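Computed from a predicted structure; not experimentally measured.
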Amino acid sequence: MTAGRAPAALEWVRALARDGWSVLVGDSLRFTASGFSRYCGGRVSLPPARFSPSLFRREVLKLIDSEGLDLVIPTCEEVFYLADLHPAVFCPPLETLEHLHSKWRFLELAEGLGVEVPSSRLLVDAEELPADPRGWVFKLEFSRFGEGTWSESTEGLKPTPARRVVMQERLVGEELSGYGVAVRGELKAWVVYRPVYRLAGASSVFFRPVEDRRAREFARGLVERLEYHGQIAFDFMRTDDGLFVLECNPRATSGVHLFEQNIASVLRGDEISAGVVDKMLSPALGLVRPWPPLKTFIKDLWGARDAVFCWRDPLPLLGMAAHVVETSFLSLIRGVSLKAAMTRDLEWDGESFD
């Protein structure tokens, strides 16, 4: 497992170990939640993928050979740097990943697969920005976790050919997310969920599974068309006019926590469905914004299960705390936000690398 810092990686580590795998956890950070797990068979220090892509690829390839690895599962955007490296890497070719990661090019793929696509334009020059931005959302072509997004105002936004911006109609409705695992073009696991509580309007930390047949059929159709192999996720908006797909994240997301069956069983060819229980990332609940009504919040927490803390495997909670301390220190010495310090060494914005 690479990017062991992510809660999604911890979910995979536990699932793989329960399914009989011996699991190594790799990351460029010293402290990760997955690395503290009892199910982790060893920790590996890796170069930062974004800043040393060639070295990162060489080290992972060396591990595959020296450890006899049967499988490498990327978790976050390091997947782009691992694409086309070795058949053991659980992901599609880089060309496919790039097409999906681009908020503009993905919309081309989504056409004709049973869901709506929002009206959009690609901007490459500041003069193309509308005089009245109301009714539109502006997104950097490559971005993540709600960053690189403008609405109501375009102050500070300067599209260029190297920093393209997608102008998309602003939709009002119910936000939904979808996450799936595909094996050679077959969708083996799928869940749609509602992000109930967020961190200041960005990443969700509380997830409620819901049903949506159109979202499932869309995901299945896209996976089959691309012969997709790996993890894939989507953002949807359900409005009075139908279900719209907004963007794609060809990597792991928090949806991985929502399966009652062992997610690792998809690697044996099993097809699994979502559970019905809400899941949460308990260490981050104190950072939820805006703060919900206390009675509702307590009721939701009472009926949910934690995706981090487990009585049989309690130490990842300590690993996550150590991770926050480490990244807080990095944010100070590098002069970046805490969120940037947690992900900046893994991000990929379409750059070429050797």
Side chains of [X] and [Y] in contact at under 4.5 Å (non-hydrogen atoms):
{"X": "Y81", "Y": "V60", "value": "no"}
{"X": "D313", "Y": "L10", "value": "yes"}
{"X": "L140", "Y": "D349", "value": "no"}
{"X": "H323", "Y": "M342", "value": "yes"}
{"X": "D300", "Y": "R208", "value": "yes"}
{"X": "V72", "Y": "H86", "value": "no"}
{"X": "R105", "Y": "E98", "value": "yes"}
{"X": "P209", "Y": "D278", "value": "yes"}

Quick one: does any side-chain atom of [X] pair with a main-chain N or O of [Y] as donor and acceptor, under 3.5 Å?
{"X": "R14", "Y": "R38", "result": "no"}
{"X": "T2", "Y": "G26", "result": "no"}
{"X": "K279", "Y": "S254", "result": "no"}
{"X": "E169", "Y": "S119", "result": "yes"}
{"X": "S34", "Y": "G4", "result": "yes"}
{"X": "N249", "Y": "R251", "result": "no"}
{"X": "K188", "Y": "V183", "result": "no"}

If you group Ile, Leu, Val, Met, Phe, Trp and Tyr by side-chain heavy-atom gaps below 4.5 Å, do [X] and [Y] land in one group?
{"X": "V223", "Y": "L243", "value": "yes"}
{"X": "I73", "Y": "Y39", "value": "yes"}
{"X": "M1", "Y": "F31", "value": "no"}
{"X": "L246", "Y": "W136", "value": "no"}
{"X": "F142", "Y": "W150", "value": "no"}

Can you tell me how far CG of D306 sits from NE2 of H257, rounded to the nearest 0.5 angstrom?
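That separation rounds to 9.5 Å.
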
Straight-line distance of E11 CD to L16 CG, nearest 0.5 Å:
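Atom-to-atom, E11:CD and L16:CG are 10.5 Å apart.
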
If every non-hydrogen atom of I272 is compared with every non-hydrogen atom of S265, which pair is closest and at what distance?
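In this case the closest contact between I272 and S265 is CG2-OG, 3.5 Å.
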
Should we count [atom1] of [X] as having more than 12 external heavy atoms under 6.0 Å?
{"X": "F329", "atom1": "CZ", "value": "no"}
{"X": "R30", "atom1": "CZ", "value": "no"}
{"X": "R305", "atom1": "CZ", "value": "no"}
{"X": "W291", "atom1": "CH2", "value": "yes"}
{"X": "D132", "atom1": "CG", "value": "yes"}
{"X": "E211", "atom1": "CD", "value": "no"}

Classify the ring geometry between F206 and Y197 as parallel (under 30°), tilted (30 to 60°) or perpendicular (over 60°).
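Because their plane-to-plane angle is over 60°, the rings of F206 and Y197 count as perpendicular.
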
Mind checking whether F353 and W348 have parallel, tilted or perpendicular rings, split at 30° and 60°?
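Geometry flag for W348 against F353: perpendicular rings.
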
Would you say the side-chain atoms of R344 and T327 include a donor-acceptor pair closer than 3.5 Å?
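Looking only at side-chain atoms, T327 and R344 do not form any donor-acceptor pair under 3.5 Å.
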
Side-chain H-bond candidate by donor/acceptor type, D27 with T32, under 3.5 Å:
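Per modelled atom types, D27 and T32 side chains form no pair under 3.5 Å.
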
Indicate every side-chain donor-acceptor pair of residues 226-237 with a distance under 3.5 Å to a residue at least two apart or in another chain.
residue : atom : partner : partner atom : Å
Y228    : OH   : Q231    : O            : 2.7
H229    : ND1  : R184    : N            : 3.0
Q231    : OE1  : W12     : NE1          : 3.0
Q231    : OE1  : Y179    : OH           : 2.6
Q231    : NE2  : P74     : O            : 3.1

